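Remarks on the structure that follows.
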Amino acid sequence: MSITQILFWTLSIVALFSALMMITSKNPVYSVLWLIVTFFCISGHYILLNAQFLAIVNIIVYAGAIMVLFLFVIMLMNLGKDTEPQKSKWLKLASAVSGGCLLLVLIAVLRKTETHMADLTSGEIGLIQNLGKVLFNQYVVPFEISSILFLSAMVGAVVIGKKE
Amino acid sequence: MYLLQFDWFIVLEKFILIAAIVTIALVVAMYSTYAERKIAAFLQDRRGPNRAGPFGLLQPMADGLKLFMKEEIIPLASSKFLFILGPMLAMITATMTSAVIPWGTTIEIAGRQVPLQIADINIGILYVFGVVSLGVYGIMIGGWASNNKFSLIAAIRGASQMISYELAMGLALIAVLMISGSLRLSVIVQEQIQHGWNIIYQPLGFLIFFICALAECNRTPFDLPEAENELNFGYHQEYSSMKLGFYLFAEYINMFISSVIMATLFFGGYDIPFVNEGAWGNAWWVGVVGFGVLMLKAVLFIFLFMWIRWTIPRFRYDQLMNLGWKKLLPLALANMLLTAVVVLLLNR
């Protein structure tokens, strides 16, 4: 096994384990912390693909900002083990079935993809320079549209927040 | 043995570098506590610590020993694991930032080119930003795990303050990136050596960055998470012994690292002003001189931090938020736009 493979397997196992722990933890604060571990593992995978920009943005945005807000809300509302609502048995079954369906679709999609999408050793697709060039030349319209989407979401949040 | 087929010297080299830099950061942080008390004493017309050793120079050792010897108390109502994790995270995130800072030029040791930088990654400055944004967790987890209302309020204050000031900080950084055209910290320094320091082009950006750095380090006038007259002692109220020491220590390491980053981004890093040190070749002493210059700049910033702490009183919380969101953020945005227009017009 090469070092890349060892890293890949370690990261994958830790990512899966922490994702499972995130779902099964009774305390929501622990769930958030496990989710952060998962994000770090995913960032590790990005780095293995030499997508450094994606890796660090994943950490800045998800682990550094969104999860902090999650923690914020959980701490402020003082959610604990006992405040977690227990769903009925049928609802749990239904959610398991629908989750399984999603898994099926994902597997069906991924089964036929090309295996060597990114060159691991010299791939420079993910470096920030190439990413920027692609985003601002080839995909400039979708990029701008998504920024407008973000802006409208921001304005919406401010409007809702202002309403007393 | 496929595993062993890479340059083991680079592992050794990086390992030594990491050990050296972490040690230096710790020693500087240790003596920052001494310097802080001496400067406070100077500004308040007192003598400051002068009992342990000549001029009280052994005071940090005495303090450290005291912290180690104290009884360690973990509150019964706390979540134990997180209570211990909190100070650990604070320390880890404080030291992690030093990995991408260029501490000196590339030097030559026994025929090997050794850059005085642990990792010259493509996304250097974003890495710094990422680690800074993770710095919140130490405070939040510690404050929440203590299961104390004051700690929790302080933790939430600290977190919201850090998130708010990160925005203006990021925008000030973008202006710097536009001028240097790279996210690599080594390239940013090289660019400054060639074209003059960034402080000349970005005085407003530096001011915004400096204010945000004060807020990110929880230093006065922004030390709301530790406002002792409202919150007893802040987020580390339940902590004792070396766990408390870790929190206090992490603050000083943060201060040191952010001083170094400001020196690197705006004041030319290891560059000696008005001297063309590129002509000196890359013997080992050139690296040492560069490192010394960087440390000198950092120490000046640390002094500035302390000077501000003992001069300016603490902000009120609403004033803090007003300053962050309604003044610094628009200013930073305007600065960014102006820089973008000028860079575009001059086509640099």
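The chains referred to below are lettered A, B, ... by the order of the sequence lines, with proteins before strands, and numbering in each begins at 1. Keep in mind that what you see is a predicted model, and the values were worked out from it rather than measured.
In this structure, A:Ile56 CD1 and B:Asn122 CG are separated by 11.5 Å, a value rounded to the nearest 0.5 Å. Between the CG atom of B:Leu177 and the CD1 atom of A:Ile128 there is a distance of 8.0 Å, given to the nearest 0.5 Å. Note that the CD1 atom of B:Ile141 and the CE atom of A:Met75 stand 6.5 Å from one another [nearest 0.5 Å]. Interatomic distance, A:Ile59 CD1 to B:Leu134 CG, rounded to the nearest 0.5 Å: 6.5 Å.
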Donor-acceptor contacts under 3.5 Å from residues 88-97 of chain A side chains, at least two apart:
{"residue": "A:Ser95", "atom": "OG", "partner": "A:Leu91", "partner atom": "O", "Å": "3.2"}
{"residue": "A:Ser95", "atom": "OG", "partner": "A:Lys92", "partner atom": "O", "Å": "2.6"}

For residues 152-160 of chain A, tabulate all N or O donor-acceptor pairs below 3.5 Å that involve a side-chain atom, not counting sequence neighbours.
{"residue": "A:Ser152", "atom": "OG", "partner": "A:Ile148", "partner atom": "O", "Å": "3.3"}
{"residue": "A:Ser152", "atom": "OG", "partner": "A:Leu149", "partner atom": "O", "Å": "2.7"}

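In terms of modelled atom types and a separation under 3.5 Å, the side chain of B:Tyr137 and the main chain of A:Leu33 share no donor-acceptor contact.
For CG of A:Leu110, the number of neighbouring non-hydrogen atoms (other residues, nucleotides, ligands) closer than 6.0 Å is greater than 12. When the shell of 6.0 Å around OH of B:Tyr317 is examined, it contains more than 12 heavy atoms from other residues, nucleotides or ligands. Within a 6.0 Å radius of CD in A:Gln129, other residues, nucleotides and ligands contribute 12 heavy atoms or fewer. Enclosure of atom OH in B:Tyr239 by more than 12 non-hydrogen atoms of other residues, nucleotides or ligands within 6.0 angstrom is indicated. In B:Tyr247, the OH atom is crowded: over 12 heavy atoms of neighbouring residues, nucleotides or ligands sit closer than 6.0 Å.
When side chains are defined from C-beta on, B:Ile123 does not count as touching A:Val57, because their heavy atoms never get closer than 4.5 Å.
Interface residue B:Leu152: only side-chain heavy atoms are found under 4.5 Å from chain A. Neither the backbone nor the side chain of B:Ser182 comes within contact range of chain A; no heavy atoms are under 4.5 Å apart.
Contact annotation for residues 35-44 of chain A against chain B (heavy-atom separation below 4.5 Å, listed by residue number): A:Ile36, A:Phe40.
In terms of the ring pair (Phe, Tyr, Trp, His ring centres under 6.0 Å) criterion, A:Phe72 has no residue partners (sequence neighbours excluded).
Among B:Ile153, B:Ile156, B:Ile121, the residue with the largest count of heavy-atom pairs under 4.5 Å with chain A is B:Ile156.
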